[in-house]
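First the proteins, then the strands, lettered A, B, ... as listed; each starts at 1.
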Number of protein chains: 2
Amino acid sequence: MDSKIVSLRSKLEIYKAGSGGGNIADCPVRDVIQGISNKWSSLLMMALAEKPYRFGELRRLVPDISQRMLTQTLHDLQRDGYVHREVFPTKPPSVEYSLTDLGRSMFGPLHQLLQWAELNHGAVRAARNAFDATEA
Amino acid sequence: MDSKIVSLRSKLEIYKAGSGGGNIADCPVRDVIQGISNKWSSLLMMALAEKPYRFGELRRLVPDISQRMLTQTLHDLQRDGYVHREVFPTKPPSVEYSLTDLGRSMFGPLHQLLQWAELNHGAVRAARNAFDATEA
DNA sequence: TGTATAAGTCTCAAAAAGAGACCAGCACTA
DNA sequence: TAGTGCTGGTCTCTTTTTGAGACTTATACA
């Protein structure tokens with residue numbers, strides 16, 4: 001048994017719903033992970049890890065995100081300290097988003113996961129097909 | 001510029017919404033990542049990485065997941081090949097969930113991200129507080 | 001004058017998630 | 001033998017989240 005895994009599990013168990021003052025904020029790992037395991041967060045992190053982008057550029061880069069969710073996801077990433085938002089006084093004003101040091105730090109492990117996905121999507125696809133075939 | 005990042009970005013761009021036959025399935029990285037970046041997936045992976053669990057055990061371990069979402073998330077993880085589901089002919093029948101080899105393989109990078117979260121939740125919390133203080 | 005651009009916000013509809021009742025089959029207890 | 005509890009779910013209803021797309025404000029340019 002990997003002691004690191006056990007250590008993570010104990011963190012998980014800290015949060016017991018409905019046990020008085022229990023709150024999701026009491027489980028730090030979940031608190032952080034749920035901030036980045038959204039549909040769009042990792043995608044935007046991936047884009048911004050390459051270079052800073054403006055709002056409209058991101059919208060064109062990820063054509064199937066709604067403006068609403070782009071605004072909101074960038075706002076959340078900024079709030080958690082991963083992304084820096086800078087307004088330039090052009091006419092009309094333009095806004096540039098870039099990774100902070102914390103964002104780059106987080107992108108390290110995230111990137112590992114993205115690479116795993118790139119390498120193993122064949123296996124996942126195959127598992128999915130096999131599963132769908134047997135349950136149909 | 002990290003050439004691996006650029007390579008991932010090119011994968012990202014494969015999918016253009018509304019461009020004829022374009023479909024989310026055309027971007028393998030997104031396809032895989034969106035399967036595991038749900039609210040509960042990483043949490044259940046973390047639990048099952050420790051040891052196999054039965055349905056009811058998982059429900060007690062993660063007290064704020066609804067039975068509906070536990071069923072559904074386990075089903076999705078099984079479909080993608082990360083989790084194995086085994087029914088034991090006890091009375092009443094019990095069901096055990098465990099990680100597959102593919103699941104353990106994926107948990108490697110995921111675990112890195114979880115550890116990052118454990119180490120850096122203080123910084124994230126601080127960023128959040130600072131952000132909330134300035135915008136209020 | 002009319003059009004375009006930037007970065008959003010607003011409203012409404014659709015989809016997803018949460019809460020909790022309900023189910024079948026068997027074992028145990030009273 | 002009737003009642004209770006356990007298993008791992010499903011079903012329905014409500015609330016929350018997301019998506020689609022019109023609208024905004026100020027400026028520049030044709």
Note to self: Which residues pass the side chain to side chain contact (heavy atoms under 4.5 Å, CB included) test with T100(A), not counting sequence neighbours?
What the structure shows: H84(A), L102(A)

Margin query: Applying side chain to side chain donor-acceptor pair (under 3.5 Å) as the test, list every pair that has at least one member in residues 65-74 of chain A; sequence neighbours left out.
Written below: none

Notebook entry, point to check: Quick one: how far along DNA chain C does chain B reach, first to last nucleotide 5' to 3', anything under 4.0 Å to a heavy atom?
Noted result: dA17(C) to dC26(C)

Notebook entry, point to check: Using a heavy-atom cut-off of 4.0 Å to chain B, what are the terminal contacting nucleotides of DNA chain D, in 5' to 3' order?
Noted result: dC6(D) to dT12(D)

Next item on the list: With rounding to the nearest 0.5 Å, note down the distance linking OH in Y97(A) to CG in L58(A).
Entry: 8.5 Å

Margin query: If the condition is side-chain hydrogen bond (donor to acceptor under 3.5 Å, both in side chains), which residues does W116(B) pass it with, not counting sequence neighbours?
Written below: S105(A), N120(B)

Item checked: L43(A) CG to N38(A) CG distance, which is reported to the nearest 0.5 Å -> 11.5 Å

Check: H121(B) side chain to E118(B) main-chain N or O, any donor-acceptor pair under 3.5 Å?
Finding: yes

Check: At what distance, to the nearest 0.5 angstrom, does CG of L77(A) lie from CG of L99(A)?
Finding: 9.0 Å

Note to self: As a quick check of understanding, evaluate salt bridge (charged side-chain N to carboxylate O under 4.0 Å, His left out) for D31(B) and R128(A), giving each step before the final call.
What the structure shows: CA-CA 11 Å; D31(B) 189 32; R128(A) 223 175 262 176; 3.0 Å; yes

Item checked: Electrostatic pair R30(A):D64(B) at N-O distance under 4.0 angstrom -> yes

Next item on the list: Scan residues 68-95 of chain A against DNA chain D and write down, sorted by residue number, each residue with any heavy atom closer than 4.0 Å; if none is found, say none.
Entry: R68(A), M69(A), Q72(A), K91(A)

Next item on the list: Kindly compute the distance separating NZ (K39(A)) from OG (S37(B)), expressed to the nearest 0.5 Å.
Entry: 9.5 Å

Notebook entry, point to check: Which is true for R54(A) with a 4.0 Å heavy-atom rule: it touches a base, it touches only sugar-phosphate, or it touches nothing?
Noted result: sugar-phosphate

